[in-house]
Amino acid sequence: MPELPEVESLARFLADHLAGRAVDRVYPVAVHALKTYDPPVAALEGGACEGVTRYGKFLDCQVGGLHLVLHLARAGWVRWSDKLPAVPPRPGKGPLALRVRLAGADGAGFDVTEAGSQKHLAVYVVRDPREVPGVARLGPDPLSADFTPEAFRALLEGERRQIKGVLRDQSVLAGIGNAYSDEILHAARMSPFKLAAKLSEEEVERLYAVIGATLQEAVERSRGLALKDLKAEKKSGLRVHGRKGEPCPVCGDTIREVSFSDSALQYCPTCQTGGKPLADRRLSRLLK
C-alpha cells in the first residue's frame, strides 16, 4: 500500500511533470472508482495544472480551480507515460481505472491503476479537498511543522489502544500505514502491542523522533526516482516489514510475524519485546 513517503514522491514527480501543462482529456475507465459526480470529471478538461499536493495518503492534483483527489488504497498506483496510446481506453477487467491525457502534440499523461480483485481505489473531483471525507478527518501530518513533541504527547493522552493501531489511525496521524508503523516501532525498540497511554515520557520522546526520521529518510531515498522504481525502493529500504523469517539487521534475531484477518505485522523479539514472541492470534497479547 502506498504510504506517506511514496505518495510524497508521487506528488513531487507529478508536480514537476504537470507544471504549465493543461489537461486535454480525462477518461474514467473504472466507473466504480469515481466517488463524486459534481463537478464531473470532464470539468477538468482544458484546465491548467496548478500544482500537486499530498494530504496523508491522498494525492491532490489542482487543475483549473478544481481538485482531482486520488486515494490509491492497497494496490493502486500512478504510471506516467511520455506518450499515451492514441486510442481511447475502454472499460474492461484490466487494472486501468483513470487516464489523464495532457494537451500538446507529445501525447503525455498518466494512468491510475489498481491491481488485484479488491477494488478500493477512490477518485474524487471536488472544489475543495476537504469535501473528501477521508481528507476532512485527517490528523496532523508527521512531516509538518505543526507536528511538535507537545502535539504528539497530546494525541497520546488517554489513548487506550495499542500503539501500532494508534500510529495507523489516519485521524490521529496522517499517512502512516502498516509498513511504516512496523518500521517506526522497530526503530523505536517498542512492542506494537504496548498501550499508548502507558508510554513513559522517554518512550514518547523517542517515538516522536523516530517517526520523523523514518519517514523523512524514506522520502529522501525516493527523491529523483522514476515512478516505476518507487515500489522496489520502498521494499528494499524496509528493515522488518515483509521480512518474516529473515535476520534482524540490528541484532540478528529472527523477524517474527503476527497475522490478522486482512493484514500482518512484523517485528523483532530481541529489539522490541524483550525476547518474548507475540501471540500470533487476534487477541494480540504477549505469551506468558
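Quick note: residue numbers are just sequence positions, from 1. What's counted below: heavy atoms across the whole structure, side chains too, no hydrogens, waters or symmetry copies.
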(request) Considering non-hydrogen atoms only, spot the tightest contact between G56 and D141 and give its length. (result) N-OD2, 4.1 Å
(message) Working to the nearest 0.5 angstrom, can you tell me the gap between C251 SG and H186 NE2?
(response) 6.5 Å
(message) Under the criterion side chain to side chain contact (heavy atoms under 4.5 Å, CB included), I'd like the reasoning laid out for E257 against I255: C-alpha separation, chi angles, the key distance, then a yes or no.
(response) CA-CA 7 Å; E257 178 175 278; I255 295 172; over 6 Å; no
(request) Check for a donor-acceptor pair, side chain of R101 on one end and backbone N or O of P85 on the other, with a separation under 3.5 Å. (result) yes
(message) Quick check on the hydrophobic clustering: are L72 and V69 connected, directly or via other members, by side-chain heavy-atom contacts under 4.5 Å?
(response) no
(request) Compare every heavy atom of R137 with every heavy atom of D169, then report the nearest pair and how far apart it is. (result) OD1-NH1, 4.2 Å
(request) Evaluate the criterion salt bridge (charged side-chain N to carboxylate O under 4.0 Å, His left out) for residue pair R239 and D182; output intermediate values, then yes/no. (result) CA-CA 9 Å; R239 290 186 167 193; D182 281 353; over 6 Å; no
(message) Counting C-beta onward and ignoring hydrogens, is there a side-chain heavy-atom pair between V23 and C49 closer than 4.5 Å?
(response) yes
(request) Could you tell me which residues satisfy salt bridge (charged side-chain N to carboxylate O under 4.0 Å, His left out) with D24, sequence neighbours excluded, listed by chain and number? (result) none
(message) Looking at every non-hydrogen atom in both residues, tell me the closest pair between V219 and P5 and how far apart they are.
(response) CG2-CA, 3.8 Å
(message) How close do A179 and L238 get, counting heavy atoms only, and between which atoms?
(response) CB-CD1, 4.4 Å
(request) Please tell me if the side chains of K164 and V258 come closer than 4.5 Å, counting only heavy atoms from C-beta onward. (result) no
(request) Using a cut-off of 6.0 Å, state whether more than 12 heavy atoms not belonging to R221 lie near its atom CZ. (result) yes
(request) Find the distance between OH (Y267) and OG1 (T273) and round it off to the nearest 0.5 Å. (result) 5.5 Å
(request) Indicate, with yes or no, if V63 and V135 share a hydrophobic cluster defined by side-chain heavy-atom contacts under 4.5 Å among Ile, Leu, Val, Met, Phe, Trp and Tyr. (result) no
(message) Are L98 and F58 connected into the same hydrophobic cluster when the rule is that any two of I, L, V, M, F, W, Y join if their side-chain heavy atoms are below 4.5 Å apart?
(response) no
(request) Hey, could you give me the OG1/CZ distance between T270 and R256, rounded to the nearest 0.5 Å? (result) 8.5 Å
(message) For a 4.5 angstrom cut-off between non-hydrogen side-chain atoms, does R160 reach L195?
(response) yes
(request) Dump the intermediate steps for salt bridge (charged side-chain N to carboxylate O under 4.0 Å, His left out) on D38 and R127, then the final yes or no. (result) CA-CA 9 Å; D38 181 25; R127 297 173 180 86; 3.5 Å; yes
(request) Output the distance between atom CZ (R74) and atom OG (S263), rounded to the nearest 0.5 Å. (result) 6.5 Å
(request) Name all pairs fulfilling the ring pair (Phe, Tyr, Trp, His ring centres under 6.0 Å) condition that reach into residues 24-52, sequence neighbours left out, sorted by first residue then second. (result) none
(request) Check whether any side-chain heavy atom of L10 lies under 4.5 Å from a side-chain heavy atom of L70, and answer yes or no. (result) no
(message) Does R130, at its CZ atom, have more than 12 non-hydrogen atoms belonging to other residues, nucleotides or ligands within less than 6.0 Å?
(response) no
(request) Measure the OG-NZ distance between S9 and K234 for me, rounded to the nearest 0.5 Å. (result) 11.0 Å
(request) Evaluate the salt bridge (charged side-chain N to carboxylate O under 4.0 Å, His left out) criterion for residues E157 and R153: first the C-alpha distance (whole Å), next the side-chain angles of each, then the deciding distance (0.1 Å), finally the verdict. (result) CA-CA 6 Å; E157 288 181 1; R153 193 176 300 111; over 6 Å; no
(message) So for atom CD, which belongs to Q118, do other residues, nucleotides or ligands contribute more than 12 heavy atoms lying within a distance under 6.0 Å?
(response) no
(request) Indicate the atoms forming the closest heavy-atom contact of R161 with G165, along with that distance. (result) NH1-O, 4.4 Å
(request) Check whether L59 and L225 end up in the same hydrophobic cluster, where Ile, Leu, Val, Met, Phe, Trp and Tyr are linked by side-chain heavy atoms less than 4.5 Å apart. (result) yes
(request) Could you pull out the closest heavy-atom pair between R79 and T113, with the gap in Å? (result) NE-OG1, 3.2 Å
(message) Is the shortest side-chain heavy-atom distance between D60 and V132 below 4.5 Å?
(response) no
(request) Please check if V240 and L167 belong to a single hydrophobic cluster, counting links between Ile, Leu, Val, Met, Phe, Trp and Tyr side chain heavy atoms closer than 4.5 Å. (result) no
(message) Exactly one of L4, I184, V166 should register a side chain to side chain contact (heavy atoms under 4.5 Å, CB included) with I176. Which one does?
(response) I184
(request) Can you tell me which residue pairs pass the ring pair (Phe, Tyr, Trp, His ring centres under 6.0 Å) test with a partner in residues 110-169, sequence neighbours excluded? (result) F147-F152, F147-Y208
(request) Ignoring hydrogens and angles, tell me if any N or O in the side chain of K194 forms a donor-acceptor pair with the backbone of L199 under 3.5 Å. (result) no
(message) Any heavy-atom pair between the side chains of L155 and P140 that's under 4.5 Å?
(response) yes
(request) Could you check W80 against D82 for side chain to side chain contact (heavy atoms under 4.5 Å, CB included), going step by step and ending with a plain yes or no? (result) CA-CA 7 Å; W80 176 265; D82 290 329; 2.9 Å; yes
(request) Can you measure from CD (E3) to CD (E183) and round to the nearest 0.5 angstrom? (result) 9.5 Å
(request) Count the heavy atoms of every other residue, nucleotide or ligand shown that sit under 6.0 Å from NZ of K231, and state whether that count exceeds 12. (result) yes
(request) Indicate yes or no for a side-chain donor-acceptor contact from K244 to the backbone of H241 under 3.5 Å, with no hydrogens or angles considered. (result) no
(request) Report the C-alpha distance between L185 and L207 in whole Å, list the side-chain angles of each, state the deciding distance to 0.1 Å, and finish with yes or no for side chain to side chain contact (heavy atoms under 4.5 Å, CB included). (result) CA-CA 8 Å; L185 291 170; L207 185 58; 4.2 Å; yes
(request) Could you tell me whether a side-chain N or O of Q170 sits under 3.5 Å from a main-chain N or O of G139, the two making a donor and an acceptor? (result) no
(request) Start with the C-alpha distance between I211 and Y180, add both sets of side-chain angles, then the distance that settles side chain to side chain contact (heavy atoms under 4.5 Å, CB included), and finish with yes or no. (result) CA-CA 9 Å; I211 289 172; Y180 285 105; over 6 Å; no
(request) Check whether any side-chain heavy atom of F13 lies under 4.5 Å from a side-chain heavy atom of V52, and answer yes or no. (result) no
(request) Keeping the roles fixed (side chain from E220, backbone from Q216), state whether a donor-acceptor pair exists under 3.5 Å. (result) no
(message) Is there a side-chain contact between E131 and H67 in this structure, where contact means two heavy atoms from C-beta onward sitting under 4.5 Å apart?
(response) no
(request) Would you check if the side chain of E159 reaches a backbone N or O of L156 as a donor-acceptor pair within less than 3.5 Å? (result) no
